[in-house]
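Here's the structure we're looking at; comments come further down.
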Amino acid sequence: MNVIRIILFPIVPIYYVITLLRNWLYDAGFKSSKSYDFPVICVGNLSTGGTGKTPMIEYLIRLLKDERSLATLSRGYKRKTEGFILADKNANADTIGDEPFQFYRKFDDVKVAVDADRQNGISELRKLAQKPEVILLDDAYQHRKVKAGFNILLTAYNNLYYKDTVLPTGNLREPRSGAKRADLIVVTKCKKSISEAEKQQVTSKLKLRNNQHVFFSYVDYADKVMSDSDTLELATLPKFTLVTGIANAKPLVDFLVEKGLHFDHLEYGDHYSFRASDIETLVSKSLIITTEKDYVRLSNHDRLKRKLYYLPIQIQIDRAAEFNTAVQSFVS
């Protein structure tokens, strides 16, 4: 893959100019963006995945759901359906995508919808008899046809956007200058021990605008693994198989190694569609630990249910009170 990226380097300037021109056309008003008179919050990134958008959406849900009626709107990546779908009791990872299905399973009082056309998705949500007061857009930073009232841009500590370049050699979906649209920038997946000096160094390189604020967050792993019907203590697990189909499994692997746990690791691509042969391989394992995103795709296989568990995570944000106030102030 690295060799291919190097070979494709001559395409980088072309991609850069096209995406830069696209942004300029929206910024200058030659291409239209739709604004809304109710709170629409966008969570996204400049890079291709792996920045922690799902935990951030869940953080916002927990922050706001007791005060306002909420809906999440996602593209529904790799779902086997098309158009607008509002999750109901028949929803699964195939019909709405793994991450939206994760939201649906966890939050009974939140409407979960998918639509590649975010404008249409917002319109459909607002037609509901009980229309949401706040809509959270999952991974819509480059969806310029919708102008969210508040943009939260995520960048992973181990892959900061100011160190990267655009596709296909780099991982950026658009030039770094696109960060100017953000209201808040969150450096995600930091080590818990990150120093103030390191934070200041990163902050200086982000080159914030006067209206922008930066926060740092880390992943907080639970001390138990869970299934739909059971809970096990993480510290006392026997040897297990770790199964991951996410963009970057290294932080999870490092955490489990630091805990002194013994496991083998089956690593698949992000949003991987497990085949029958993969399921047969997993059936032969005695105990499987996976991510929550992978769990919602694997738990519909009956032969895995008694051996399949996931490790819950939440994000912790430094200066959380300040972050929360910024979001709540926009909403109110």
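Starting from 1, each residue takes its place in the sequence as its number.
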Compare every heavy atom of Leu160 with every heavy atom of Thr155, then report the nearest pair and how far apart it is.
OG1-CA, 3.3 Å
For the residue pair Phe323 and Phe216, is the inter-centroid distance of their aromatic rings smaller than 6.0 Å?
no
Charged N-O contact under 4.0 Å between Glu280 and Arg275
no
Any salt bridge linking Arg105 with Glu292? Criterion: basic side-chain nitrogen under 4.0 Å from a carboxylate oxygen.
no
Of Asp94, Asn92, Asp98, which is the lone residue that meets side-chain hydrogen bond (donor to acceptor under 3.5 Å, both in side chains) with Arg297?
Asp98
Is it the case that the side chain of Thr231 and the backbone of Ser227 share a donor-acceptor pair, with hydrogens and angles ignored and the cut-off at 3.5 Å?
no
Heavy-atom count around Glu82 CD within 6.0 Å, excluding the residue itself: above 12?
no
Side-chain donor or acceptor of Thr325 paired with backbone N/O of Ala321 under 3.5 Å
yes
Under a 4.0 Å N-O cut-off, is there an ion pair linking Asp27 with Arg144?
yes
Any sub-3.5 Å donor-acceptor pair from Arg173's side-chain atoms to Gln142's backbone N or O?
no
May I ask you to check if Arg176 and Tyr162 form a cation-pi contact, with NZ or CZ under 6.0 angstrom from the six-membered ring centre and within 45° of the axis?
no
Quick one: does Ile194's side chain get under 4.5 Å of Tyr218's, heavy atoms only?
no
Quick one: does Val253's side chain get under 4.5 Å of Phe263's, heavy atoms only?
yes
Please check if the side chain of Tyr104 supplies one atom and the backbone of Lys89 the other of a donor-acceptor pair under 3.5 Å.
yes
Can we say Lys293 and Asp270 salt-bridge, meaning some charged N sits less than 4.0 Å from an Asp/Glu carboxylate O?
yes
Measure the shortest side-chain to side-chain distance between Lys145 and Lys31 over non-hydrogen atoms and say whether it is less than 4.5 angstrom.
no
Tell me, please, whether Phe38 has Arg126 positioned over its six-membered ring: NZ or CZ under 6.0 Å from the ring centre and within 45 degrees of its axis?
yes
Report yes or no: does Tyr295 contribute a side-chain atom to a donor-acceptor pair with the main-chain N or O of Asp228 at less than 3.5 Å?
yes
Flag the pair Glu198 and Lys191 as a salt bridge only when some basic side-chain nitrogen lies within less than 4.0 angstrom of an acidic carboxylate oxygen.
yes
Determine whether Thr188 and Ile315 make a side-chain contact, defined as any pair of heavy atoms from C-beta on separated by less than 4.5 Å.
no
Side chains of Thr241 and Asp264: do they bring a donor and an acceptor to under 3.5 Å?
yes
I'd like to know if Arg75 and Asp117 make a salt bridge, using a cut-off of under 4.0 Å between side-chain N and carboxylate O.
no
Taking the side chain as everything from C-beta on, heavy atoms only, tell me whether Tyr272 gets closer than 4.5 Å to Phe274.
yes
Please tell me whether Tyr310 and Asp294 have a donor and an acceptor in their side chains that are separated by less than 3.5 angstrom.
no
Taking Asp183 for the side chain and Asn151 for the main chain, is one N or O donor matched with an acceptor at less than 3.5 Å?
yes
Kindly say whether Gln119 contributes a backbone atom to a donor-acceptor pair with the side chain of Ser123 at under 3.5 angstrom?
no
